[in-house]
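Everything below concerns the one structure shown next.
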Amino acid sequence: MAQNCFHCGQAIPEGEVVLKPIEGEEQTFCCHGCASVCEVIYEAGMQSFYQRTPDGELLSPPPPPNKDIDFYDYDEVQSQYVSDLSDRREITLMSEAIHCAACVWLIEHTMAKMDGILLARVNFTNKQIKVRWDNSRIKLSDIIKKLNSIGYDATPYDPSASEEAYRKANRDLLYRLGFAGFAMMNVMWFSVALYSGAADDLEYRNYFHWLELIIATITLAYSGQPFFKGAWTSIRSKSVGMDVSISLGMATTYLYSCWVTLHPENVGDVYFDTLIDFMFLLLIGRYLEAISKNKAIDASRRLMDLQPKVARQLIDGETQVVPVRTLVKGNRIVVKPGDQFPVDGHLVDGHGMVNESMLSGESREIEKGIGDRVSAGTINIDGSLTVEVDAILQDTKLGRIVHMVEEAQGSKAPIQCTADKIMPWFVSVTITLAVASFVYWFFNAGIEFAIMTGTAVLIITCPCAFGLATPMAIAVASGVSARNGILVKNGAVLETLNTVEHFVFDKTGTLTKGEMKVVDSQWIEGVDTAALMQEVGSVEHRSEHSLARGICDSIQEQYDLHTKDWFEVQAFKAVPGKGVQGEINGHQINVGTAKWLSDLQIELPNVLLEQAQAHAKLAQTAIWVAKDKKVQGVLFVEDELRAEAPELIRRLKAAGKQVTLLSGDQQLVAERVAEKLGGMDVIAEVLPEDKNQVIRELQAQDKVVAMVGDGINDAPALVRADVGIALGSGTDVSMDSADIVLMGNDLMAVDTAVALSARTLRTIRQNIASSITYNVIMVPLAMSGTLTPLIAAITMPLSSLVVIGNAARIRSFFGRRAIEQRKRGAR
């Protein structure tokens, strides 16, 4: 008698039995791997895993141990898969051995018992395991070994492997579809014969019925497997999905037809042909749905394809083509004209133009020279450039964008959470209506008509379209917006942005260009302005603030100075929102606001205060200069408004939004800027650390607030706001702090994001309405017996395709005609 393995259930080859005691009782295994896995499962107290495994489904023998697992413990290797190499790390692993809900349970519970594991979450759909661990307490290799010991071959997630898994699933679905189509053609010949008169002869009728039974049984077992497997998974997880109603309809039709075939003395028709027909049509719908879904949300895949996989590394003066994965920070590569940059880095040699439209959405080319930063995926237009590597693969700006897009596509908006709660009830009501229809027609039209009617009800109802209404729209919107320079970090933001009542704008670098320049100055009598300005430039040169850079550039241009002309500065200190100070040749230099100098007990001359007041009316900011605690003069700086800022403010106000200017400048200066923008509320003289409190106070008035800033010194306020929008820079800080990152420098992208939010919400409502309308019309028709199961099988997938197609229309939001309409002010 053939023996089966106690762990995997597969037949044991003769002479290869492995015996091992499990809880005091000797068990048989097909190999030592299965024996070890079973022993580990029982030792961990996880033996209920075997009760959770679907009946009749064989496990795969454990994968052979990977001899190079310890290789993954090196930071250089982990850096390719882990974004943060601190003690708390996170990685996504893939395992093709994940095949059912029992696998999810076993992995998550086994990981939870390991010391140092902070999070273990299994995604059954894409066979991924997200693991967060403390690297000081447990190594990645130990995690992978543990997974291997319970039967799961885990490797770090690779997008190309994920793409291959998707293709494999689609190929499998296509094979099942092809088999069903082949069976349908053959059964149709038998049906034609029966309808043509063969059914009048009992012997012929029985013969054809048995042939149809054999074909239908094989087809149901193979082509119908996805539906039955989905239904069984739903039932085991105590939920009711669409596959439950479909499987119930197919099983009912099949069993009744079998009963007629096995009892030829009873008058009745078989419906094997109908069963195979609508199985074929359902598989067509599912296959088309999978393709349509992929086309609708493949923006992240197309973005990642923009990043080259190889680079020309510069080694000892020679270029050598190497995989990007092998590069490390500090390596140098050569990028030739027309090539895409494979890494993030900075130029160390060469000069040329770079097209960054794939990141910023702006088509204009940008000039790059030594020291300038370049990003992976952008295109080198001309010139041979040598780049020093700063980041590769997922650590590049493009990689982080792709990750955020994937997070957004997987996130759930509040409206979707509501839909998810309705779904189980939706299917439960469907089954109830099908049973009610069956009972009614059983007593009024006979069992055949009752079965056909009940089956039609089960198949016609489409919770799938209802379930896809929200996630498809959000996935398409977040993907297409990322390709056009608007990075939405999660789906909920698109819904929240549509409800924002109050927009708060930072002034410098947001409503203005952030390019400060000195336009005038006033000095006390007897000051050597050239020498003093050189000292001011030397102190400001130590600061990273945009205002400091503007002052330095103006001084260099006016006095023909260069970086080498700056003095050595001692005891430098930058006080955020106030100014800078330092010592030069024993003299203390203070450059900053009037209030700051007053706090330092430095007296401000009245004549200069009057000048500052006059210039404030011209929207010019006063920067005071003091040397050794005595005021020497005042610089007046001005920041040019963005050309599109007034139009943006006008549109927001026209839409009924409240708009506020938030600035650290003097009240009079900020008010003058607000006037130039067409009028708006002003909150001025606010320090960077206090902007967070301003947002909190506005929210306390029960308003939904959006903060628009540069994403660096506005980070706390961006986090505090209901929707944080970072403009332009696309820096690490802005990506971490903001909910929406505008990769370009066009302020009108704020209006575009608002319009995209409205368009997405409108699409979601259209999808939900079409799904409800479909069911309201079709279900009564099916219950009345007007629609056959075959018609139901045709219309059901069409409803899902309508939802997917409507969501895909969001891509036209960034079409040429739509963009031109928005420029003209039309929504």
Side-chain angles (χ1 to χ4, degrees), residues 505-530 532-537 539-540 543 545-559 575-581 589-600 602-627 630-643 645-646 649 661-688:
F505 288 87
D506 174 56
K507 183 179 78 69
T508 304
T510 304
L511 292 172
T512 65
K513 293 183 177 180
E515 300 171 358
M516 308 293 289
K517 58 182 179 180
V518 178
V519 294
D520 198 0
S521 61
Q522 294 291 330
W523 305 97
I524 63 174
E525 190 175 349
V527 171
D528 183 352
T529 56
L532 185 59
M533 288 292 268
Q534 188 174 2
E535 292 175 332
V536 170
V539 176
E540 291 285 6
S543 173
H545 198 279
S546 60
L547 175 59
R549 291 196 297 272
I551 292 174
C552 287
D553 291 342
S554 296
I555 293 174
Q556 286 180 319
E557 182 179 349
Q558 183 177 355
Y559 294 96
V575 184
K578 297 180 179 180
V580 294
Q581 67 181 35
I589 307 295
N590 292 80
V591 185
T593 65
K595 187 177 183 304
W596 182 47
L597 265 60
S598 295
D599 292 341
L600 296 175
I602 298 176
E603 185 179 353
L604 307 179
N606 289 329
V607 64
L608 293 183
L609 286 171
E610 292 173 0
Q611 288 290 333
Q613 193 78 359
H615 280 78
K617 295 178 180 178
L618 301 175
Q620 295 174 1
T621 302
I623 304 297
W624 293 74
V625 179
K627 183 174 182 179
K630 291 183 180 180
V631 170
Q632 304 296 302
V634 186
L635 303 176
F636 298 104
V637 298
E638 187 177 48
D639 191 2
E640 185 180 352
L641 288 176
R642 292 183 183 272
I649 301 303
L661 173 65
L662 185 62
S663 175
D665 279 338
Q666 294 177 7
Q667 184 73 28
L668 192 59
V669 173
E671 288 176 353
R672 180 56 180 158
V673 171
E675 288 176 16
K676 290 183 177 181
L677 292 168
M680 56 197 299
D681 297 335
V682 174
I683 302 176
E685 300 182 21
V686 180
L687 295 176

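Basis for what follows: all heavy atoms, side chains included, without hydrogens, waters or symmetry-related copies. All values derive from a computational prediction rather than experimental measurement. Start at 1 with the first residue, then count along the sequence.
Looking at V634 and Q611, their side chains never come closer than 4.5 Å, going by heavy atoms from C-beta outward. Contact annotation: the side chain of V625 never approaches that of E535 to less than 4.5 Å [non-hydrogen atoms, C-beta and beyond].
The two residues A622 and W624 come nearest to each other via the heavy atoms CB-NE1, 3.9 Å. Summarising the geometry of Q581 relative to V539, their closest heavy-atom pair is C-CG1, 4.0 Å, with the distance given to 0.1 Å. Across L532 and K627, no two heavy atoms sit closer than the pair CD1-CD, 4.2 Å.
For the side-chain hydrogen bond (donor to acceptor under 3.5 Å, both in side chains) test, residues two or more places apart in sequence or in another chain that qualify with D520 are H615. Residues satisfying the side-chain hydrogen bond (donor to acceptor under 3.5 Å, both in side chains) criterion with W523, sequence neighbours excluded, are S521. Residues passing the side chain to side chain contact (heavy atoms under 4.5 Å, CB included) test with Q556 are D553, L561, T563, W566, sequence neighbours excluded. Take A614 and apply the side chain to side chain contact (heavy atoms under 4.5 Å, CB included) test, not counting sequence neighbours, and it matches no residue. In this view, K578 satisfies the salt bridge (Lys or Arg N to Asp or Glu O under 4.0 Å) rule with no residue, not counting sequence neighbours.
The OG1 atom of T593 sits 8.0 Å away from the CD1 atom of I623 when rounded to the nearest 0.5 Å. To the nearest 0.5 Å, atom OG1 of residue T621 and atom CG of residue L668 are 10.5 Å apart. For the atom pair C552 SG and M533 CE, the distance stands at 10.0 Å (nearest 0.5 Å).
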Run the side-chain contact (heavy atoms from CB on, under 4.5 Å) check on D506 and L662 step by step: do they pass?
CA-CA 5 Å; D506 174 56; L662 185 62; 5.6 Å; no

Kindly list each side-chain donor-acceptor pair under 3.5 angstrom involving residues 602-610, sequence neighbours excluded, with atom names and distances?
none

Counting only pairs under 3.5 Å, give me each side-chain donor-acceptor contact of residues 670-680, with atom names and distances, residues two or more places apart or in other chains.
unit_1	atom_1	unit_2	atom_2	d
E671	OE2	Q667	NE2	3.0
R672	NE	K617	O	3.1
R672	NH1	E675	OE1	3.2

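Put simply, the residue from V518, V580, I555 that forms a side-chain contact (heavy atoms from CB on, under 4.5 Å) with V536 is I555.
In this structure, the side chain of Q632 engages the main chain of K630 through a donor-acceptor pair within 3.5 Å.
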